[in-house]
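In what follows, chains carry the letters A, B, and so on, assigned in the order in which the sequence lines appear, proteins first and then strands, with residues in each chain numbered from 1. Treat the numbers as computed from the prediction; the structure is a model and nothing was measured. Computed over heavy atoms, backbone and side chain alike; hydrogens, waters and symmetry mates excluded.
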There are 2 protein chains.
Amino acid sequence: MSPRPGIDRHQLLQAAAELADQGGFHSVTLAALAGRLGVRSPSLYNHVDGLPGLHAALTQYGLQILHERLLKAVAGRSGEEALRHVCIAYVEFARTHPGLYEAALQPIQPDHADTKQIGDDIVGLLLQVLAHYGLEEAEALHSVRTLRSLCHGFSSLERGGQFAMDLSLDESLAYMIQIFIQGLNAQRRD
Amino acid sequence: MSPRPGIDRHQLLQAAAELADQGGFHSVTLAALAGRLGVRSPSLYNHVDGLPGLHAALTQYGLQILHERLLKAVAGRSGEEALRHVCIAYVEFARTHPGLYEAALQPIQPDHADTKQIGDDIVGLLLQVLAHYGLEEAEALHSVRTLRSLCHGFSSLERGGQFAMDLSLDESLAYMIQIFIQGLNAQRRD
DNA sequence: TTGCTAAAACTAATGATATTAGTTAATATG
DNA sequence: CATATTAACTAATATCATTAGTTTTAGCAA
């Protein structure tokens with residue numbers, strides 16, 4: 001134990017995530033976080049390495065939770081059902097935690113191996129989901145990039161209010177997944 | 001004419017775009033822009049409505065140029081060829097002007113009707129490209145959302161260094177477009 | 001219990017930024 | 001050539017991140 005307990009790290013990350021979800025990733029400032037934790041800004045330097053360190057920590061935290069959600073979505077499922085559910089879980093996470101999701105997709109610093117690892121775990125999970133389609137290695141990797149582009153693009157555009165038209169977003173999502181699945185099936189046949 | 005010429009608006013936007021391409025959208029500050037233009041920051045308030053106004057202006061400028069590039073890409077082309085070229089032009093724009101692209105996809109303020117219009121023009125252009133597939137209205141709109149998700153997701157992840165694996169990005173892009181086209185064709189047959 | 005130590009909080013100070021108010025300078029037009 | 005308009009400027013304020021140095025607190029050992 002420390003000579004003095006101070007701020008709990010999970011409580012810090014949770015508070016930062018709430019700030020992000022309320023005002024976007026850029027609104028996660030040391031001043032705002034300190035205010036929410038009832039502490040002066042310089043005190044936070046005992047817990048994170050300045051603002052960049054806070055941002056990096058939130059990125060890792062976001063990736064962890066995203067990974068958990070995706071794991072839950074594919075648990076006990078396989079094939080097309082697993083694929084549909086993983087896409088929906090991805091978008092749902094971005095919807096319910098927009099700021100934390102935004103944090104999760106910030107560029108990862110080259111020296112943060114543990115954060116990188118979580119990203120790789122997510123890629124591995126998606127590879128496993130796509131294994132059902134029996135693609136060759138390179139094709140499987142291209143497919144994962146396509147899937148990530150779809151899910152991230154949809155989430156990002158939705159959050160940014162870029163889908164302004166009066167048309168169901170959930171129907172668009174279902175349509176998008178369908179297009180991807182049919183494209184994959186066609187690819188498999190070639 | 002003005003009693004005093006001052007800074008040319010196009011020159012201002014060009015300088016802001018260069019700042020964005022060099023250091024990202026967030027590095028477009030009044031101080032940095034003023035420095036580049038050889039002027040003090042408060043002088044910029046004669047040309048843009050503070051930092052939010054500068055950002056909004058850069059968003060509109062980015063959308064304009066993106067629209068131009070997409071128009072050029074589809075000029076004299078049709079069907080699958082137009083679709084492939086519009087995707088490639090989209091991603092190429094994001095690659096060569098990462099910061100301006102980032103600006104173009106910032107959320108649009110509800111009161112900026114002219115900026116919104118350019119976004120609608122881009123959607124209209126994509127609808128025209130997809131007309132070749134003879135989809136029903138709702139399906140066509142879902143397809144445009146899918147296409148935008150793909151292109152934006154790919155561009156955004158690529159720029160963020162999220163495609164870390166040692167695997168050709170251009171092959172991934174071509175694969176992605178192929179999946180989309182095959183998905184569309186399957187959709188059309190149903 | 002009491003004193004020591006380690007860690008976390010604090011205050012004070014600095015530098016960068018956006019922004020506003022008020023002033024000066026330059027130029028197109030009569 | 002005088003004027004009005006507009007764009008530039010300086011000065012000042014508030015917010016933020018950051019660093020340095022100090023104080024406080026809580027676990028632990030004597």
Side-chain angles (χ1 to χ4, degrees), chain A residues 1-61 99 102-103 106-109 111-112, chain B residues 1-61 99 102-103 106-109 111-112:
Chain A
M1 286 288 281
S2 285
R4 209 177 158 182
I7 294 166
D8 177 47
R9 182 164 182 86
H10 185 265
Q11 168 196 352
L12 181 148
L13 289 170
Q14 193 53 44
E18 284 166 17
L19 280 176
D21 286 341
Q22 283 165 16
F25 181 66
H26 75 279
S27 76
V28 179
T29 64
L30 291 178
L33 181 58
R36 175 170 288 230
L37 294 173
V39 121
R40 304 306 184 110
S41 337
S43 308
L44 293 177
Y45 283 77
N46 289 311
H47 304 281
V48 295
D49 193 8
L51 187 60
L54 172 59
H55 285 164
L58 199 58
T59 294
Q60 181 172 347
Y61 183 59
E102 193 182 353
Q106 293 301 115
I108 299 172
Q109 303 304 105
D111 54 330
H112 287 178
Chain B
M1 285 289 280
S2 285
R4 209 176 156 182
I7 294 167
D8 177 47
R9 181 163 183 87
H10 185 265
Q11 167 195 354
L12 180 149
L13 288 170
Q14 194 52 44
E18 282 165 20
L19 280 175
D21 286 341
Q22 283 164 16
F25 181 66
H26 75 279
S27 75
V28 179
T29 65
L30 291 178
L33 181 58
R36 175 170 288 231
L37 294 174
V39 121
R40 304 306 183 108
S41 335
S43 307
L44 294 177
Y45 284 77
N46 289 311
H47 303 280
V48 294
D49 192 7
L51 186 60
L54 172 59
H55 285 165
L58 198 58
T59 294
Q60 180 173 347
Y61 184 59
E102 193 183 352
Q106 292 300 115
I108 299 171
Q109 302 305 105
D111 54 329
H112 287 178

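- Side-chain contact check for Leu37(B) versus Leu44(B): some heavy-atom pair is nearer than 4.5 Å.
- Straight-line distance from the CG atom of Leu33(B) to the P atom of dA8(D): 12 Å, rounded to whole Å.
- At whole-Å resolution of the value, CZ in Arg40(A) and P in dA9(C) are 13 Å apart.
- dA7(C) atom P lies 18 Å from atom CG of Leu44(A), rounded to whole Å.
- Residues Leu12(A) and Leu33(A) are in side-chain contact: their nearest non-hydrogen atoms beyond the backbone lie under 4.5 Å apart.
- Comparing dA17(D), dA8(D), dT19(C) by their nearest atom to the side chain of Pro42(B) picks out dT19(C).
- For Leu30(B), counting side-chain heavy atoms from C-beta on, the closest listed nucleotide (dA18(C), dT18(D), dC16(D)) is dA18(C).
- In the interface, the side chain of Asn46(A) is not paired with the base of dA7(C) through any donor and acceptor atom under 3.5 Å apart.
- Put simply, the side chain of His55(A) gets close to the backbone of Val28(A): a donor and an acceptor are under 3.5 Å apart.
- Between dT19(C), dA12(C), dA9(C), one nucleotide has an atom nearer to the side chain of Ile7(A) than all others, and that is dA9(C).
- Look at NE2 on His26(B): it is 15 Å from C1' on dC16(D), rounded to the nearest Å.
- Atom CG in Asp8(B) sits about 17 Å away from atom P in dT6(D), given to the nearest Å.
- Taking atom CG on Leu12(B) and atom P on dA7(D), their separation rounds to 12 Å, with Å as the unit.
- Nearest to the side chain of Val39(B), among dA18(C), dC16(D), dC9(D), sits dC9(D).
- Rounded to an integer number of Å, the gap from Tyr45(B) OH to dT10(D) P is 16 Å.
- With sequence neighbours left out, Arg9(B) forms a salt bridge (Lys or Arg N to Asp or Glu O under 4.0 Å) with no residue at all.
- Shown here is Asp8(B), whose CG atom has more than 12 heavy atoms of other residues, nucleotides or ligands within 6.0 Å.
- The listed nucleotides are dA18(C), dA21(C), dA7(D); the one nearest the side chain of His47(B) is dA7(D).
- Taking atom CG on Leu51(A) and atom P on dA16(C), their separation rounds to 17 Å, with Å as the unit.
- Out of dA9(C), dT19(C), dC16(D), the shortest distance to the side chain of Pro52(B) is found at dT19(C).
- The side chain of Ser43(A) places no N or O atom within less than 4.0 Å of a non-bridging phosphate oxygen (OP1 or OP2) of dA8(C).
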